[in-house]
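Please read the structure below before turning to the comments.
Below, chains carry the letters A, B, ... as their sequence lines are ordered, and counting in each starts from 1.
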Protein chains: 2
Amino acid sequence: MSETIKKPYHHSNLYQALLEAGVRLLEEKGVNGFSLREVAKRAGVSHAAPYRHFKNKSELLKALALYGFRKLTEGIQAVVEAAPEDPETQLVESAQAYVELVMVHPAIADLMFGDRSADMEFCDPEQAIAMNSFSGLANIIARGQQAGVFIEGETLELAITAWAQVHGFALLFRSSQKRERFGLETEPALKLQLRKSCEMLLTGIKRTE
Amino acid sequence: MSETIKKPYHHSNLYQALLEAGVRLLEEKGVNGFSLREVAKRAGVSHAAPYRHFKNKSELLKALALYGFRKLTEGIQAVVEAAPEDPETQLVESAQAYVELVMVHPAIADLMFGDRSADMEFCDPEQAIAMNSFSGLANIIARGQQAGVFIEGETLELAITAWAQVHGFALLFRSSQKRERFGLETEPALKLQLRKSCEMLLTGIKRTE
DNA sequence: ACCTGAACACCGTTCAAGT
DNA sequence: ACCTGAACACCGTTCAAGT
């Protein structure tokens, strides 16, 4: 009787344990090798236990995608604060942070931006979290315009353009196969090309007269 | 005896029938709802029959992805021929073709560019087919440089930048959810924003004092 | 309240066997 | 040569039952 040492069923916080096991499994096996049953096994519970905490597999993956969006937002926030008066540097360094996240957590990037993100119906507060990454970029553009560094015009249109550039670069070279094919297999080479691409976004690829 | 009318087992060309059933299933159910057993059922054969023609599920998906790459290459080729002397128009219209492919065949785009494309190990001739889409873009840049329309510098670096821009735009707005969120739910609105983004790529977003 | 174990309907893949 | 049917090891999900 009284307080026994014996654990009630398992460790105290299954929700968190599932998320952590999920991240690890994701990084080991990728999105396609990811199964709810394996996550449960790694967390030391039966395969039905996760359903106490997540409506289904998609909801667990959504939680992991949101983790990625938070990381990305933090990364962008950090580089903005590191160069508070320099929108150009903020833009280039945000791009580096974006690419780095995709390189370090490719499977989570797949969740954030891949085909499963179509299935994931974010509720409003979740949408907000996912959107904060874009807002970070849009704010850089907005402040850059106010400072007279970027051209005038609809901020949203500039931000979409910058975002597409960075997003496309990151996703194109997510696969090591493509990095090798373009001689960008080393991190410095990749970062240098990204820097050049950002520079071209800034100054254009069209010859001026 | 002699030639009977009775079909040997099924329709004559199972390989082609599997591809066609595959495209339809893909467009109905998306990449995640795609199963080899269902493709076989739709082609009217047993679930094991596809293994006579494809090593496994991935090989069928690879064949479908290659179909997408061929379509994209054709699309780019067509717009180049439609404006043979105008690299700028070629670039913008290629972008439109790229985006259109992703919008019209989202599930095939997922195969071409999504996380499954990491699993897909292209052999050399297949790589070449997949790469032709990029080569089309790179050639536009190269000819534009020769014509003095685009800035000088490494063609590959310019091409990567343009490609990233177009690719990022196409993938960002592949989901109707995001198109709606940015007021780009109609096709004209989306095309207009793409045109603007291409324009910014050409002339830059940095203010020239 | 929280978890288990059996059950169901689906997978991908393999293989002996049929024509 | 081409296809079938049974079999195996895996899924995601549900649900009555246990503590």
Side-chain angles (χ1 to χ4, degrees), chain A residues 1-22 25-26 28-65 107 111 115-116 118-121, chain B residues 1-22 25-26 28-65 107 111 115-116 118-121:
Chain A
M1 289 294 157
S2 80
E3 297 116 287
T4 58
I5 303 156
K6 172 164 127 340
K7 298 182 293 182
Y9 263 71
H10 64 289
H11 38 54
S12 52
N13 191 348
L14 181 54
Y15 181 89
Q16 200 59 36
L18 288 169
L19 282 182
E20 281 161 20
L25 181 57
L26 210 47
E28 272 177 49
K29 311 264 184 166
V31 184
N32 289 317
F34 184 92
S35 89
L36 209 45
R37 290 173 99 111
E38 178 67 22
V39 172
K41 188 189 288 179
R42 287 176 182 219
V45 290
S46 82
H47 61 262
Y51 287 89
R52 292 294 121 200
H53 299 277
F54 297 97
K55 208 176 103 243
N56 52 37
K57 183 183 178 181
S58 273
E59 293 292 306
L60 208 190
L61 292 178
K62 192 164 79 173
L64 293 170
L111 289 182
D115 42 73
R116 268 165 203 80
D119 306 355
M120 296 194 303
E121 305 217 334
Chain B
M1 289 292 156
S2 80
E3 298 117 285
T4 57
I5 303 156
K6 174 165 133 316
K7 297 181 294 181
Y9 263 71
H10 64 291
H11 38 54
S12 52
N13 191 347
L14 182 54
Y15 181 88
Q16 200 59 35
L18 289 170
L19 283 183
E20 282 162 20
L25 180 57
L26 211 48
E28 272 177 49
K29 311 264 185 170
V31 185
N32 289 317
F34 183 94
S35 90
L36 209 46
R37 290 174 100 112
E38 177 67 20
V39 172
K41 188 189 289 180
R42 287 178 180 219
V45 289
S46 83
H47 62 261
Y51 287 88
R52 290 296 120 200
H53 299 278
F54 298 97
K55 211 177 100 241
N56 52 34
K57 182 182 178 179
S58 274
E59 292 291 308
L60 208 190
L61 292 178
K62 193 164 81 172
L64 293 170
L111 289 182
D115 42 72
R116 266 166 204 80
D119 306 355
M120 297 192 304
E121 306 217 332

Nucleotide [N], atom [atom2] - distance to [atom1] of [X] in whole Å:
X: B/K41; N: D/dT4; atom1: NZ; atom2: P; answer: 14 Å
X: B/L60; N: C/dG12; atom1: CG; atom2: P; answer: 10 Å
X: B/H53; N: D/dT4; atom1: NE2; atom2: C1'; answer: 13 Å
X: B/H47; N: C/dT14; atom1: NE2; atom2: C1'; answer: 9 Å
X: B/Y51; N: C/dC15; atom1: OH; atom2: P; answer: 12 Å
X: A/L36; N: C/dT4; atom1: CG; atom2: P; answer: 13 Å
X: A/K57; N: C/dC10; atom1: NZ; atom2: P; answer: 17 Å
X: B/Q16; N: D/dC2; atom1: CD; atom2: P; answer: 16 Å

inquiry  = From C-beta outward on B/N56, which listed nucleotide comes closest to its side chain: D/dC15, D/dT13, C/dT13?
reply    =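 From the listed options, C/dT13 comes nearest.
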ask   = Of the nucleotides D/dC2, C/dT14, D/dT14, which has the atom closest to the A/A48 side chain?
value =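 Nearest to the side-chain atoms of A/A48, counting from C-beta on, is D/dT14.
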inquiry  = Suppose we define a pair by two distances each less than 3.5 Å, Watson-Crick or G-U wobble; what does D/dC2 pair with here?
reply    =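 Per the H-bond distance test, C/dG18.
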ask   = Given that both distances must come in under 3.5 Å, which nucleotide forms a Watson-Crick or G-U wobble pair with C/dA7?
value =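 Pairing partner: D/dT13.
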key: Where A/L60 and A/L19 come nearest, the two heavy atoms and their spacing   =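 A/L60 and A/L19 have their closest heavy atoms at CD2-CD2, 3.9 Å.
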key: Distance-minimising heavy-atom pair for B/A21 and B/R42   =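 Closest heavy-atom pair between B/A21 and B/R42: CB-CB, 4.1 Å.
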task = Determine yes or no for a side-chain-to-main-chain donor-acceptor pair under 3.5 angstrom, with A/K57 supplying the side chain and A/F34 the backbone.
result =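 It does hold such a pair.
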inquiry  = I'd like to know if the side chain of B/K62 and the backbone of B/E121 have a donor-acceptor N/O pair within less than 3.5 Å.
reply    =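 Yes: the side chain of B/K62 pairs with the backbone of B/E121.
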task = By nearest nucleotide on DNA chain D, pick out whichever of A/R52 and A/F34 is the more 5' one.
result =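 The residue mapped nearer the 5' terminus is A/F34.
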key: Under 3.5 Å donor-acceptor pair, A/R37 side-chain atoms to D/dT13 base atoms   =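 Indeed there is one.
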ask   = More than 12 non-hydrogen atoms from neighbouring residues, nucleotides or ligands closer than 6.0 Å to CD on B/E28, yes or no?
value =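 Buried by this count: over 12 neighbours within 6.0 Å.
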inquiry  = Please determine whether a side-chain nitrogen or oxygen atom of B/S35 lies at a distance below 4.0 Å from atom OP1 or OP2 of C/dC11.
reply    =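 Checking B/S35 against C/dC11: at least one side-chain N or O falls below 4.0 Å of OP1 or OP2.
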